[in-house]
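The shown structure was predicted, so the numbers you read here are calculated from the model rather than taken from an experiment. Reminder, nothing fancy here: chain letters follow the sequence lines and each chain counts from 1.
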Protein chains: 2
Amino acid sequence: MPALPDSPVDPAVVDLLGLVAYGELLAFDRMAADARLAPDLPRRAVLSEMAAREIDCYRRLADRLTELGTPPEVAMAPYVEALQGYHDSTEPKDWLEALTKAYLGDAVADDFFRTVADHLAEPDRRLVLEVLHDSHYDEFARREIRDAIAADPKVANRLSMWARRLVGEGISQAGRLAAERPALAGLIMGGPGDRAGVPELFERLTTAHTARMAEVGLNN
Amino acid sequence: MPALPDSPVDPAVVDLLGLVAYGELLAFDRMAADARLAPDLPRRAVLSEMAAREIDCYRRLADRLTELGTPPEVAMAPYVEALQGYHDSTEPKDWLEALTKAYLGDAVADDFFRTVADHLAEPDRRLVLEVLHDSHYDEFARREIRDAIAADPKVANRLSMWARRLVGEGISQAGRLAAERPALAGLIMGGPGDRAGVPELFERLTTAHTARMAEVGLNN
């Protein structure tokens with residue numbers, strides 16, 4: 001049985017850890033499935049390894065939730081529908097779509113969690129920052145996308161459209177979540193009820209996303 | 001570029017490492033897919049974590065193959081058809097079938113590789129022994145199967161039939177592989193052309209498998 005925490009636990013912290021944990025669990029699931037789209041065994045192995053790193057992060061977050069006295073599945077339950085909805089509506093049809101989704105989608109989520117983590121107390125702040133993405137795999141994804149565009153410039157248009165769809169679906173599910181989970185939305189905004197930071201947050205996320213698109217030759 | 005090995009590399013060693021590596025890669029793939037059959041999030045997470053450990057083992061074997069001068073995908077290529085054939089013909093329909101397959105199937109493969117590893121020189125002998133299964137997850141699988149049989153004794157019959165099918169399909173693919181890869185078959189038998197050890201090997205594998213079945217309440 002886990003030790004009870006010393007001070008009362010902020011429900012917004014449990015909300016956030018539950019969200020990130022379920023995000024990792026689902027990212028594992030989708031990347032493992034997407035690995036089957038790989039054109040050869042070495043690429044399939046790389047995506048499988050990316051997936052395995054997500055599950056390691058999941059374990060750290062789940063352990064922390066248990067320590068805080070909340071079973072991980074209870075903390076994750078509120079997000080099952082929204083995150084599943086995002087993935088179901090953005091099922092990659094081929095290897096490049098899968099990679100683009102892993103590269104751009106994870107990066108937006110990471111930027112978002114990095115911003116939110118700044119409002120957390122230690123040790124949760126450090127934990128969330130540490131489970132964020134390993135840049136090693138980003139380099140692999142960037143190279144694959146660039147090479148594919150170099151080989152066939154028409155690919156850039158198709159993947160640019162795909163990236164816009166990913167962002168659209170992501171924003172739609174995020175908005176739904178924010179409405180359903182006021183404590184979490186409060187943490188994201190830096191204080192309950194304070195929505196002043198929302199436009200700035202969206203602008204920051206969008207700017208970084210656009211830069212990542214440009215880096216691999218996609219246009220917004 | 002990897003350093004060239006000091007002494008000529010035994011092709012049977014590359015054959016074996018390629019087989020084990022592809023086995024791990026495919027086990028990852030199937031367990032990740034099977035995790036979706038889990039009845040709840042905690043169980044889904046456990047199977048996802050089992051899958052992630054397989055990919056860590058894959059990485060160690062792939063690194064060793066590269067060190068020996070053979071790209072992992074070249075060493076794995078001969079096994080793609082047989083192993084895929086095994087998994088395609090034993091697709092679990094539910095959570096208990098998935099767990100039984102992971103528990104019994106992996107254990108037979110581990111027993112087999114443990115026997116073969118004894119014929120290898122170091123460091124490959126130790127490497128193969130180290131990537132063999134973690135007993136931590138076996139305990140989880142055993143408990144799940146026992147609990148399900150306790151709750152509904154009819155489950156024992158269904159899973160016993162399923163286990164017999166797994167063994168039948170496994171033996172059929174193994175026989176096909178042995179015929180196609182004489183160097184590997186030689187290593188397995190302890191020397192090229194020497195088939196005297198085959199009945200003993202099969203008997204040993206069968207005895208251990210029967211004991212594992214009995215342990216969870218299944219009958220042979």
Side-chain angles (χ1 to χ4, degrees), chain A residues 18-66 70-81 83-84 87-88 91 131 134 136-137, chain B residues 18-66 70-81 83-84 87-88 91 131 134 136-137:
Chain A
L19 171 59
V20 183
Y22 190 62
E24 299 285 355
L25 193 55
L26 214 53
F28 164 82
D29 177 80
R30 306 314 298 225
M31 281 187 191
D34 294 348
R36 296 187 185 186
L37 299 170
D40 54 39
L41 283 177
R43 286 179 171 87
R44 175 167 162 185
V46 173
L47 206 64
S48 301
E49 289 183 87
M50 288 172 71
R53 293 295 71 77
E54 308 280 350
I55 210 73
D56 293 340
C57 296
Y58 162 79
R59 172 45 49 205
R60 295 186 61 188
L61 295 158
D63 287 347
R64 175 63 179 156
L65 282 164
T66 304
T70 304
E73 64 274 23
V74 172
M76 294 191 289
Y79 309 111
V80 169
E81 214 178 315
L83 289 188
Q84 191 75 54
H87 284 293
D88 286 349
E91 189 116 28
V131 301
D134 185 330
H136 170 70
Y137 295 114
Chain B
L19 170 60
V20 183
Y22 189 63
E24 298 285 355
L25 192 56
L26 214 53
F28 163 82
D29 177 81
R30 306 313 298 224
M31 282 188 190
D34 294 348
R36 297 188 184 184
L37 298 170
D40 54 38
L41 282 177
R43 287 181 170 86
R44 176 168 162 182
V46 173
L47 206 63
S48 301
E49 289 183 87
M50 287 172 72
R53 294 294 71 77
E54 308 280 350
I55 209 72
D56 293 340
C57 296
Y58 163 79
R59 172 46 49 206
R60 295 186 60 188
L61 295 159
D63 287 347
R64 175 61 179 156
L65 281 164
T66 304
T70 304
E73 64 274 22
V74 172
M76 294 190 290
Y79 309 112
V80 170
E81 213 179 315
L83 290 187
Q84 191 74 53
H87 285 293
D88 285 349
E91 189 116 29
V131 301
D134 186 330
H136 170 70
Y137 294 114

Of the listed residues (B/Ser48, B/Ala62, B/Ala52), which shares the most heavy-atom pairs with chain A below a 4.5 Å separation?
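Ranked by contacts with chain A, first place is B/Ser48.
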Under a 4.5 Å heavy-atom cut-off, does chain B meet the side chain of [X], its backbone, both or neither?
| X | value |
| --- | --- |
| A/Ala45 | both |
| A/Asp56 | side chain |
| A/Ala51 | side chain |

State plainly whether the residues A/Arg59 and A/Glu24 are in salt-bridge range, i.e. N to O under 4.0 Å.
no
A/Arg30 bridged to A/Asp88 by N-O distance under 4.0 Å:
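Salt bridge between A/Arg30 and A/Asp88, a charged N being under 4.0 Å from a carboxylate O: yes.
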Does B/Glu81, at its CD atom, have more than 12 non-hydrogen atoms belonging to other residues, nucleotides or ligands within less than 6.0 Å?
no
Indicate the atoms forming the closest heavy-atom contact of A/Tyr58 with A/Pro72, along with that distance.
OH-CB, 4.2 Å
